[in-house]
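For reference, the structure is listed below as structure tokens.
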Amino acid sequence: MESGGEEFAIGVLISAKTTLGDEFEGQIVSFDRPTNLLEGVGKAERGERRNVRVIKANYIREFSVVGRADDPLDPAGCVLDLSAIHAREEAALRQAEIEAERIGVGVTPEAQSIFDALSKTLPVQWDKTDIVVMKEVRVCNPYLPENVSGGTSAANERVKKVLDFERKRLLVRVPGQF
């Protein structure tokens with residue numbers, strides 16, 4: 001949809017329907033003419049969370065201007081819970097670190113698949129290219145049951161059994177790759 005004039009001015013309240021059939025109402029926060037991107041926030045009472053939507057203006061099939069409101073970017077009108085924002089940021093960083101530790105560096109896709117499969121049933125971590133299971137059992141390259149060492153005999157046998165099962169399952173899932 002071609003846009004011009006004041007239709008997409010900051011602060012305008014619109015009701016819109018997209019080319020995919022989605023309908024929404026909200027206040028325009030920004031409109032970038034070169035990229036044709038429109039950013040808007042959904043309706044909410046003061047202090048409640050609001051949905052932010054970024055959409056290409058040409059994906060809006062029809063819209064109507066419902067009214068005009070105060071500048072949505074005015075700091076005096078913004079209610080931000082900075083402690084909640086910092087807590088979410090910390091949680092996201094912790095989660096990203098946990099996920100990054102699950103990715104083996106310098107390992108084959110097969111090794112990563114085995115690690116991922118083992119991690120579903122047992123606590124695992126990487127030690128360079130070795131998989132350490134339950135903090136005591138080590139699985140070395142080429143990640144076969146005979147490459148399992150350490151830990152108690154019961155833990156060792158458990159890891160061998162799960163490793164053998166997972167290798168067979170991966171072989172069936174992707175024949176000829178492993």
Side-chain angles (χ1 to χ4, degrees), residues 16-24 26 29-32 34-42 44 48-61 73 78-178:
K17 191 172 196 176
T18 68
T19 56
L20 299 174
D22 294 336
E23 295 183 31
F24 64 92
V29 176
S30 67
F31 177 62
D32 183 52
T35 60
N36 210 24
L37 285 174
L38 174 72
E39 179 182 9
V41 293
E48 291 183 12
R49 290 184 180 190
R50 299 188 288 177
N51 289 331
V52 175
R53 187 181 291 256
V54 178
I55 188 169
K56 285 261 227 207
N58 46 324
Y59 287 109
I60 296 176
R61 181 176 15 185
L73 302 177
C78 293
V79 179
L80 296 175
D81 183 355
L82 290 179
S83 61
I85 291 170
H86 289 300
R88 286 179 64 189
E89 177 187 29
E90 287 297 319
L93 288 172
R94 279 193 304 274
Q95 185 62 35
E97 288 172 357
I98 289 169
E99 289 173 10
E101 288 175 0
R102 296 178 50 78
I103 299 171
V105 177
V107 299
T108 63
E110 172 193 16
Q112 187 64 53
S113 294
I114 290 170
F115 179 92
D116 293 341
L118 286 170
S119 71
K120 291 177 184 174
T121 57
L122 298 167
V124 294
Q125 63 190 43
W126 285 107
D127 181 19
K128 295 185 175 84
T129 59
D130 294 348
I131 301 172
V132 179
V133 185
M134 299 181 293
K135 296 184 180 181
E136 59 178 305
V137 180
R138 184 171 296 271
V139 184
C140 301
N141 194 8
Y143 312 103
L144 298 169
E146 51 268 17
N147 300 105
V148 175
S149 62
T152 64
S153 62
N156 196 302
E157 288 304 314
R158 169 86 174 126
V159 171
K160 284 181 181 180
K161 189 176 189 178
V162 172
L163 179 62
D164 189 43
F165 173 77
E166 292 301 339
R167 286 188 67 85
K168 286 177 183 172
R169 194 172 65 80
L170 289 170
L171 189 61
V172 168
R173 208 169 68 194
V174 187
Q177 184 176 350
F178 303 122

Practice prompt. Any side-chain hydrogen bond (donor to acceptor under 3.5 Å, both in side chains) involving residues 147-164? Give me the pairs, sequence neighbours left out, ordered by first then second residue.
Written response: Asp164-Lys168

Worksheet item: Can you list the residues that meet the salt bridge (Lys or Arg N to Asp or Glu O under 4.0 Å) rule with Asp32, with sequence neighbours excluded?
Response: none

Fill in: Nearest non-hydrogen partners of Arg102 and Ser119, listed with the distance
NH2-OG, 2.7 Å

Response to the item:
Closest non-hydrogen atoms of Ala117 and Glu166, given as atom of the first, atom of the second and distance, are CB-OE1, 3.2 Å

Discussion item. Working to the nearest 0.5 angstrom, can you tell me the gap between Ile131 CD1 and Leu122 CG?
Written reply: 11.0 Å

Item to complete: Considering non-hydrogen atoms only, spot the tightest contact between Arg61 and Thr18 and give its length.
Response: NH2-O, 3.3 Å

Worksheet entry | Interatomic spacing from CD1 in Ile98 to CG in Leu93 - rounded to 0.5 Å | 11.0 Å

Worksheet entry | Option among Ile114, Val148, Leu118 that satisfies the side-chain contact (heavy atoms from CB on, under 4.5 Å) test with Tyr143 | Ile114

Discussion item. With side-chain hydrogen bond (donor to acceptor under 3.5 Å, both in side chains) as the rule and sequence neighbours excluded, what pairs involving residues 123-139 come up?
Written reply: Asp127-Arg138, Asp130-Arg138

Worksheet item: Of the non-hydrogen atoms in Arg167 and Pro145, which two are nearest, and what is the gap between them?
Response: CD-CD, 4.5 Å

Discussion item. Quick one, Asp116 with Lys120, criterion side-chain contact (heavy atoms from CB on, under 4.5 Å). Give me CA distance, side-chain angles, the key distance, then yes/no.
Written reply: CA-CA 7 Å; Asp116 293 341; Lys120 291 177 184 174; 5.5 Å; no

Item to complete: List in chain and number order the residues that pass ring-ring contact (aromatic ring centres under 6.0 Å, His included) with Phe24, two or more places apart in sequence or in another chain; answer none if no residue qualifies.
Response: none

Response to the item:
Here the gap from Lys17 atom NZ to Ile60 atom CD1, rounded to the nearest 0.5 Å, amounts to 13.5 Å

Worksheet item: Nearest 0.5 Å, what's the CD-CG distance between Glu110 and Asn141?
Response: 8.0 Å

Worksheet entry | Set of side-chain hydrogen bond (donor to acceptor under 3.5 Å, both in side chains) partners for Glu99, sequence neighbours left out | Gln95

Worksheet item: Passes salt bridge (charged side-chain N to carboxylate O under 4.0 Å, His left out), Glu97 versus Arg94? Steps please.
Response: CA-CA 5 Å; Glu97 288 172 357; Arg94 279 193 304 274; over 6 Å; no

Fill in: Shortest non-hydrogen contact between Val137 and Ala155, atoms and distance
CG2-CB, 3.9 Å

Practice prompt. Just jot down the side-chain hydrogen bond (donor to acceptor under 3.5 Å, both in side chains) partners of Glu90, sequence neighbours excluded, or say none.
Written response: none

Discussion item. Are Lys56 and Leu38 packed together at the side-chain level, in the sense that at least one heavy-atom pair is separated by less than 4.5 angstrom?
Written reply: no

Item to complete: Taking all non-hydrogen atoms of both residues into account, name the closest pair between Gly104 and Gln112 and its distance.
Response: N-OE1, 2.8 Å

